[in-house]
Amino acid sequence: MRASFPAAARSSVPASLPAALKSCTALGLRALAASLHALALRSGAFADRFVANALLNLYCKLPPASYPSPVMHGTARVSQVAALESARKVFDEMADKDTVSWNTLVVFCTEKGQHQEALGLIREMWGDGCKPDSFTLSSMLPIFAERADVRRGMEVHGFATRNGFGDDVFVGSGLINMYANCTRTDYSVKVFDNLPGRDAILWNSMLAGCAQNGSAEEALEICRRMLHSGIRPMPVTFSSLIPVCGNLASLHLGKQLHAYVVFGGLDGNVFITSSLIDMYCKCGDVSTARHIFDRLQSPDIVSWTVMIMGHALHGPEREALVLFDRMELGDVKPNDITFLAVLTACSHAGLVDKGWKYFNSMSDHYGIVPSLEHHAALADILGRAGKLEEAYNFISNMQIKPTASVWSTLLRACKVQKNTVLAEEVARRIFELEPRSMGSHVTLSNAYSSSGRWNEAATLRKSMRKKGMKKEPACSWIEVKNKRHVFVAHDKSHPWYERIVGALNVFSEQMARQGYVPNTEDVFQDIEEEQKSHVLCGHSEKLAMVFGIISTPPGTTIRVMKNLRVCVDCHTVTKFISKIVGREIVMRDANRFHHFKDGNCSCGDFW
DNA sequence: TTAGGGTTAG
């Protein structure tokens, strides 16, 4: 027999239920929530719009526990579909739906990445006579942000303006992010500047939008303006801004932010510490990164991954594998990005068997399907280890269609191994997919040159010029006394140019006495050997390094950054100079970090 | 009374 409620109790049920359900949702009280659901049905309170909406929200935030727990991608998807179905069931049973009901479901779908379902619901909502409001619009914008669909994002913007939501801060922050993701930070700034009042989250939206899209200078400018407006920096301000320092490789700026973090007592925030570890790695100071990492009580997956990647790029690569194995023993499970880091370590260390082992364990032990990037990483491991044929077969037999970037890892390996026959075949494949691939044209031309096939190299260069293709100019930079100095080859514009060349000549004489012979392999022009060594003398990384040495006190570590890979001769020269001046020289190129000390390099001459 | 915005790794 079902208990019936006294009339007085029944009337008070709807008033108190929404708040009670909200508390259950917030505190994760599933059992109590289930009882309240039963109560709502028995008492008739479910007919109340507020009660039903609160229940719907409960089902979205706290789906019934009987569904499989979301562990890996595949299972999580099943779980989300089941959760949506259960929420939808509650929704369909509602007699009195309003905009809140629709929005609750829409938000649930967008947050779970079920974008098609969300857009379908919004169409259904229109058909039901319920017009989208600011909640709906701010939920739609992240969908077009992720798809970088600026056209549809702009349609939402237009709708918002026409319907009186142009001043809404939630719609505003959605628009700022959407435009930033579509690489239109200029529009983000316009939206931001036109919003009334000031809102701390909007400032952080602006900052994050610029930071995530490579607009480093703009991000710093936003930060200056924010502080000037009296908005205090928040934890999220630091976790957005610190990666900017890493991308600029600006160690002095990164250290300043680190100091603010420590003084503000924010060094326990996992977002901030992960970004600090990554920043120090990217700025060439891996030992400080490791120092921070070693003091973490319980590193999360991002902290582990950035530290593993740090060792993969700086060496010792085996330390990256030691960390990975340590992580596997704990509670934190590796994800697809962690595997990219560990495969990078295998590539730089030349560990073919381990590379295969980790690659296979992704699907065997973790249910992670290897992506194009993982395939490219394994192809790189094989190619760099000289197993060109194995790499070729591996790429040819991939389950997913290889892209030009996968093939290009093999092309670079062919150049290093001086196998121009295979290089031509691989380049043919690349040009079928990407006829104007600049990097691959240059690599093939360099492969011809370093094998002495000057005519083919010249013909290829000529056809590149004809097609209007220009090689990215090499440049290197160094920070001295908080100022960045940028050099291109034979750059005479620097005020210290004469002094740099003078010092370089002195070093050349010392190196010659110690047995140095210029390595002209990377001079891709058919000129006399003597001229080639002159070309080598002016390479941007040498200019930046020598400037660093003569403008800093003895013993100071020199950190040079280069946009392309370091050339073979510069690598040899830097080894000699590190010994002559007794300094550690760190050089970041497009592929990894080189730590030169006492005449040796951490890459073991394998890069 | 019920729904929404900003952060770390490739």
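Chain letters run A, B, ... following the sequence lines, proteins first and then strands; every chain starts at 1. As the structure is a computational prediction, the values presented were derived from the model and not from experiment.
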Looking for any heavy atom pair under 4.0 Å, which part of the strands does [X] touch: base, sugar-phosphate only, or nothing?
X         : result
Val100(A) : base
Ser173(A) : base
Ala208(A) : sugar-phosphate
Met307(A) : nothing
Lys97(A)  : nothing
Asn335(A) : base
Val302(A) : base
Asp96(A)  : nothing
Ile242(A) : nothing
Ser139(A) : nothing
Asn177(A) : sugar-phosphate
Val270(A) : base

Going by number, which of residues 272-298 of chain A have a non-hydrogen atom under 4.0 Å from DNA chain B?
->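 DNA chain B contact set from residues 272-298 of chain A: Ser274(A), Asp278(A), Lys282(A).
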Which atom of Val100(A) lies closest to which atom of Thr104(A), heavy atoms considered |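 Minimum heavy-atom separation between Val100(A) and Thr104(A): O-OG1, 2.6 Å.
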Side-chain donor-acceptor pair under 3.5 Å between Ser239(A) and Ser275(A), yes or no?
->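 No donor-acceptor contact under 3.5 Å links the two side chains.
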Phe192(A) and Tyr179(A): CA distance, side-chain angles, deciding distance, ring-ring contact (aromatic ring centres under 6.0 Å, His included) verdict = CA-CA 11 Å; Phe192(A) 179 72; Tyr179(A) 282 127; over 10 Å; no
Heavy-atom contact window of chain A on DNA chain B, given 5' to 3' at under 4.0 Å =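 Going 5' to 3' along DNA chain B, contacts run dT1(B) to dG10(B).
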Under the salt bridge (Lys or Arg N to Asp or Glu O under 4.0 Å) test, residues paired with Asp325(A) that sit two or more places apart =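 By the salt bridge (Lys or Arg N to Asp or Glu O under 4.0 Å) rule, Asp325(A) matches no residue at all.
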Just jot down the side chain to side chain donor-acceptor pair (under 3.5 Å) partners of [X], sequence neighbours excluded, or say none.
X         : result
Thr25(A)  : none
Lys61(A)  : Asn57(A)
Glu328(A) : Tyr366(A)

With ring-ring contact (aromatic ring centres under 6.0 Å, His included) as the test, would you mind laying out the steps for Phe324(A) and Trp304(A) before giving the verdict?
-> CA-CA 8 Å; Phe324(A) 183 84; Trp304(A) 279 107; 9.2 Å; no
Leu17(A) CG to Ser43(A) OG distance, which is reported to the nearest 0.5 Å =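 Reported value, rounded in 0.5 Å steps: 6.5 Å.
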